[in-house]
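Just below is one structure, and these are the notes that go with it.
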Amino acid sequence: LQTLPPVQLAEKYFQIFPEERDPLWQNPCHDKRHKDIWSKEKTCDRLPKFLVIGPQKTGTTALHAFLTLHPAITSSFPSPVTFEEVQFFNGPNYQRGIDWYMDFFPFPSNASTDFMFEKSANYFDTEVTPKRAAALLPRAKILAVLINPADRAYSWYQHQRAHQDPAALNYTFHQVVTAGASSPPEVLYLRRRCLGPGAYATHLERWLRHYQPSQLLVVDGVLLRSNPAVVMEGVQKFLGVTPLYNYTQALTYDDSKGFWCQKVDGGRSKCLGKSKGRKYPDMTPETRSFLTEHFREHNMDLLRLLNRLGQTLPGWLREELQSSR
Ligand code: A3P
């Protein structure tokens, strides 16, 4: 039996198995062989029990903020690299490995009753994410927040305008969503970012190739905005977290913000920052009809998917499908 020094051995290994250059991290404690070589100083408990996967602009920050008010729920530490979100499974951070990921989570005081989570809103529609997430977190629960995809697209366009994206500043929303193949690449790119994530059923089906239906909850983002206490009750039941926290007492409607916010001492409220709940003109009826038509089949697919899963249909989905008949 022959062997080689470590680096040469690794080179030889990847010559034989080139497809394994791309890692797929698994929980070291789920396999005895891995556990045996996992440092005694490390644990496998610094991993989330659930993920808020997005998509962007549906109310994921509000859901994150409300969840962290719960005494048994702890979020990941904010990342200085990716502006708060960890964004591990979807991109280059994945190559940094699971120690890097685990460092975003505290040591739980009680691994069975503490619920740690992270919210990275672009997990929802990134091709590689569900497979990677399921490899490391096979028992995790997955929360997706959905609003009318037309409104999501418009909110994203407004977000890009606020970030001085030239395509969003120089083209109207209607021009962006109706752009054809001959349009400038930056407009087509913005169009893709507005419309792509809204093909909700396609993205959810990808998650369901790696997770059981019972692990996935679709949260109605419109209801989360108008009546968060009701939504948070459903979320807690789905997660199986105790005690049942009373959000009716914890939240208050802030008239000047126009949104629900955290109730703090002295009857005051603590709301999300300026970039959440922006003020902008309504979408034109012309663009709305265009998008209703654009998303009709996708929304039909979502309806069938939610019926198959036995999940409550969001009010916005019923309304949208009625209006697009
Ligand atoms: P707008 O700013 O376009 O209104 P995300 O956090 O996923 O990026 O979503 C942002 C959206 O969350 C906001 O989009 C806003 O409509 C919505 N939202 C829902 N509940 C909210 C709340 N309590 N406070 C602020 N924004 C909220």
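Note that the numbering runs from 1 along the sequence shown for the chain. Please read all numbers here as calculations on a predicted model, not as lab measurements. Whatever order the structure lists ligands and atoms in, that order sets their numbers, starting from 1.
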Checklist outcome for this item: closest protein heavy atom to atom 14 (O) of ligand 1 is S155 OG, 3.6 Å
Checklist entry - If we only count N/O pairs under 3.5 Å, is K257 in contact with ligand 1? => result no
Next on the checklist: I'd like to check whether K276 has a polar contact with ligand 1, where a contact means an N/O of the residue lying under 3.5 Å from an N/O of the ligand.
Outcome noted: yes
Item to check | Selected option - heavy-atom contact closest to atom 16 (O) of ligand 1, from K279, K119, R225 | outcome: R225
Checklist entry - Does a side-chain heavy-atom distance below 4.5 Å link F124 with I142? => result no
Checklist entry - Do the rings of F104 and W100 sit parallel, tilted or perpendicular, given the 30° and 60° boundaries? => result perpendicular
Checklist entry - Between K141 and F50, is NZ or CZ placed under 6.0 angstrom from the six-membered ring centre and within 45° of the ring axis? => result no
Next on the checklist: What I'd like to find out is whether the side chain of Y280 reaches to under 4.5 Å of the side chain of S155, using heavy atoms alone.
Outcome noted: yes
Checklist entry - Short question: side chain of T292, backbone of R288 - any donor-acceptor pair under 3.5 Å? => result yes
Next on the checklist: Looking at F259, I'd like to know if the NZ or CZ of K276 sits under 6.0 Å from its six-membered ring centre while staying within 45 degrees of the ring's axis.
Outcome noted: no
Item to check | Under 4.0 Å to a heavy atom of W260 - the qualifying atoms of ligand 1, by number | outcome: 22 (C), 23 (N)
Checklist entry - Is the H294 ring parallel, tilted or perpendicular to the H298 ring (thresholds 30°, 60°)? => result tilted
Checklist entry - For ligand 1, is any non-hydrogen atom under 4.0 Å from T61's backbone (N, CA, C, O), its side chain (CB onward), both, or neither? => result both
Checklist entry - Which residue owns the protein heavy atom closest to atom 7 (O) of ligand 1, what's the atom, and how far is it? => result T60 OG1, 2.6 Å
Checklist entry - Is ligand 1 less than 4.0 angstrom away from at least one heavy atom of K57? => result yes
Checklist entry - What is the ring orientation for Y101 with F105, classed by angle as parallel under 30°, tilted 30 to 60°, or perpendicular over 60°? => result perpendicular
Next on the checklist: Check for me whether R46 meets the cation-pi criterion with F107, that is, NZ or CZ under 6.0 Å from the six-membered ring centre and within 45 degrees of the ring axis.
Outcome noted: yes
Checklist entry - So which heavy atom in the protein is nearest atom 20 (N) of ligand 1, and how far is it from that ligand atom? => result A62 CB, 3.6 Å
Checklist entry - Nearest protein heavy-atom contact for atom 21 (C) of ligand 1: which residue, which atom, what distance? => result F259 CD2, 3.4 Å
Checklist entry - Is there a nitrogen or oxygen of G59 sitting under 3.5 Å from a nitrogen or oxygen of ligand 1? => result yes
Checklist entry - What atoms in ligand 1 come closer than 4.0 Å to a heavy atom of Y280? => result 1 (P), 3 (O), 4 (O)
Next on the checklist: Check this for me - ligand 1, G277, N or O atoms closer than 3.5 angstrom, yes or no?
Outcome noted: yes
Checklist entry - Heavy-atom contact under 4.0 Å between L272 and ligand 1? => result yes
